Structures are given as C-alpha cells and as structure tokens.
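In what follows, a structure is listed as structure tokens, so that the remarks can point back to it.
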Amino acid sequence: NLKRKYISRKFWWFMSSRYKHFLFVLLSVFFLWGCGGNGDGDSDETPEEEPTIQELAMPDLLAVWRIEPKNGVSVDGQDVTAEYAGFTLTMDQTTYNTTNGANLFDAVGTWQWVASDTDLIMDFSDGKRINIQTLTSSQLVLNFQFAGAGGARAGIAGSYVLNLSK
C-alpha cells in the first residue's frame, strides 16, 4: 500500500512535469503565432510602400498656374513673357487646359508622368516632354524644348522656361 502511494506520487509528479513542459511549449507556439511572425522575423503583413516623388508632387501640382509678370516665359534665355500675356495652365489628374498659349500649347490635352525615381518629368499629349525644375505650393518652374510651330505669334523654337505661380 505504501509502495503504491509512492509510485502514485512519483507518477503524478512526473506527469505534472511533462504537462508543464508541454504547456510551456504550447503557449510559446501560440505566442509566436499571435505575433504575426512566421519564424524568420518576417511579418505576414506587407509593409506600406513609400510614396513616389510623383505622388508627393500631386497636391502642389494640381492647380491653376499663371505666368510671372517678369521673366515668366523665356526662350533660350530671352524674356518673351509679353507674347504670352494672360497665359494660364490648369493641371488636373491626367488632363491640362491652357489659355493664351499661342502655338506653344494645345488648349486642352492629357499628360502622364515619365517613370523616374528622382525627377519630375511629364509627357504631354502634344508631344512635349516637360521637366519640372521647381515645384512648391505657390511656384512651378517648367523647362522643355519646343521645335516651333510657325505662325506670326509666339511659338518660336528653342529651350523654354516657364515661371508660374498660383
């Protein structure tokens, strides 16, 4: 009878010890699983991607832009702002509208970003590739080459810089 109690206690102690280890391992597995890890430090969730330079520029770009009164438009370094009096450029998500653009811009067109990690470059539907040199909440400076469209008013060939403000 005494031997039976001794074996019984030893058995229960042994079982309790195994049970404790099993419980510890089981809880550890649930803890690690609950953390979202898959064992190699990676999370099951995909991290949010950093916004591109183009995505960051959109809030400032989408607006109605007007030429600066002095040196608002230059061709090969020569001020031709007077040829574009009243010029405006309205930028929307994928379209643009201009007023008083003479032969330089279509009155209405579309545009899209050129893929770049470091520069803001747009392709306009009229064939122009336009570089944004400066973009703030109140200033936009554009640079592009224009082959010329003939005619008596504006639109001469050369390297254009447009200084625009809201």
Side-chain angles (χ1 to χ4, degrees), residues 27-166:
L27 289 175
S28 297
V29 168
F30 281 129
F31 176 77
L32 291 175
W33 184 32
C35 290
N38 58 9
D40 62 359
D42 292 337
S43 175
D44 291 338
E45 297 178 20
T46 56
E48 288 188 31
E49 291 184 23
E50 292 290 322
T52 65
I53 189 172
Q54 293 85 3
E55 290 169 336
L56 293 172
M58 288 299 275
D60 289 332
L61 181 64
L62 305 181
V64 177
W65 297 95
R66 292 171 173 69
I67 60 169
E68 291 288 331
K70 185 170 170 83
N71 292 321
V73 181
S74 64
V75 182
D76 296 325
Q78 298 293 326
D79 185 9
V80 293
T81 304
E83 297 293 325
Y84 297 95
F87 174 80
T88 63
L89 171 64
T90 304
M91 297 295 296
D92 290 320
Q93 291 286 337
T94 58
T95 61
Y96 70 89
N97 297 299
T98 64
T99 55
N100 297 332
N103 294 329
L104 192 58
F105 287 98
D106 290 342
V108 177
T110 60
W111 70 275
Q112 64 183 8
W113 290 115
V114 174
S116 173
D117 291 337
T118 57
D119 297 317
L120 293 173
I121 304 169
M122 302 178 291
D123 278 339
F124 274 40
S125 57
D126 63 2
K128 282 185 214 56
R129 177 159 285 185
I130 299 179
N131 297 305
I132 298 178
Q133 290 180 336
T134 304
L135 176 61
T136 67
S137 61
S138 61
Q139 183 185 21
L140 174 63
V141 179
L142 304 175
N143 175 279
F144 58 91
Q145 294 293 319
F146 183 64
R153 182 170 180 258
I156 55 176
S159 177
Y160 278 76
V161 176
L162 275 65
N163 290 302
L164 307 166
S165 61
K166 289 184 182 177

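The structure displayed is predicted, hence computed values, not measured ones.
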Task: CD1-CG distance between Ile156 and Asp76, expressed to the nearest 0.5 angstrom - done: 7.5 Å
Task: Any Leu140 side-chain heavy atom under 4.5 Å of Ile132 side chain - done: yes
Task: Over all atoms of both residues, closest heavy-atom pair of Val75 and Ala157 - done: CG1-O, 3.7 Å
TODO: Could you walk me through whether Thr81 and Phe87 pass the side chain to side chain contact (heavy atoms under 4.5 Å, CB included) test, one step at a time?
DONE: CA-CA 9 Å; Thr81 304; Phe87 174 80; over 6 Å; no
TODO: Measure from the side-chain N and O atoms of Thr52 to the backbone N and O of Asp117, and report whether any donor-acceptor pair falls under 3.5 Å.
DONE: no
Task: Ser125 side-chain N/O to Trp111 backbone N/O, donor-acceptor pair under 3.5 Å - done: no
Open item on the list: Quick one: does any side-chain atom of Lys166 pair with a main-chain N or O of Ser137 as donor and acceptor, under 3.5 Å?
Closed with: yes
Task: Spacing of Leu61 atom CG and Leu56 atom CG [to the nearest 0.5 Å] - done: 12.5 Å
Task: Side-chain H-bond candidate by donor/acceptor type, Gln145 with Ser159, under 3.5 Å - done: yes
Task: Any donor-acceptor N or O pair under 3.5 Å, side chains Thr88, Thr99 - done: yes
- [ ] Could you grab the distance from atom CZ of Arg66 to atom CG of Leu164, nearest 0.5 Å is fine?
- [x] 10.5 Å
Task: For Phe105, the option from Phe146, Tyr84, Phe144, Trp65 that meets ring pair (Phe, Tyr, Trp, His ring centres under 6.0 Å) - done: Phe144
TODO: Starting from the C-alpha separation in whole Å, work towards a yes-or-no answer on side chain to side chain contact (heavy atoms under 4.5 Å, CB included) for Thr118 and Ile53.
DONE: CA-CA 7 Å; Thr118 57; Ile53 189 172; 5.7 Å; no
TODO: Indicate yes or no: at least one non-hydrogen side-chain atom of Gln93 is less than 4.5 angstrom from one of Leu62.
DONE: yes
Open item on the list: Is there a side-chain contact between Asp92 and Asn97 in this structure, where contact means two heavy atoms from C-beta onward sitting under 4.5 Å apart?
Closed with: yes
TODO: For the residue pair Val73 and Glu83, establish whether any side-chain heavy-atom pair is separated by less than 4.5 Å.
DONE: no
Task: Donor-acceptor under 3.5 Å (Gln54 side chain, Ser116 main chain) - done: yes
Open item on the list: Using a 3.5 Å distance criterion without hydrogens, assess whether the side chain of Gln139 forms a donor-acceptor pair with backbone atoms of Thr136.
Closed with: no
Task: pair Met122-Met91: side-chain heavy atoms closer than 4.5 Å - done: yes
Open item on the list: Looking at every heavy atom in both Gly86 and Asn100, which two are closest together, and how far apart are they?
Closed with: O-ND2, 3.4 Å
Open item on the list: Main chain of Leu135, side chain of Asp60: is a donor-acceptor contact present, judged purely on distance under 3.5 Å?
Closed with: no
TODO: Show your reasoning for whether side chain to side chain contact (heavy atoms under 4.5 Å, CB included) applies to Val108 and Thr95.
DONE: CA-CA 7 Å; Val108 177; Thr95 61; 5.8 Å; no
Task: Nearest-0.5 Å distance, CG of residue Asp79 to CG of residue Asn71 - done: 4.5 Å
Task: Leu104, Ile130, Asn143, Leu142 screened by side chain to side chain contact (heavy atoms under 4.5 Å, CB included) with Tyr160, the one that passes - done: Leu104
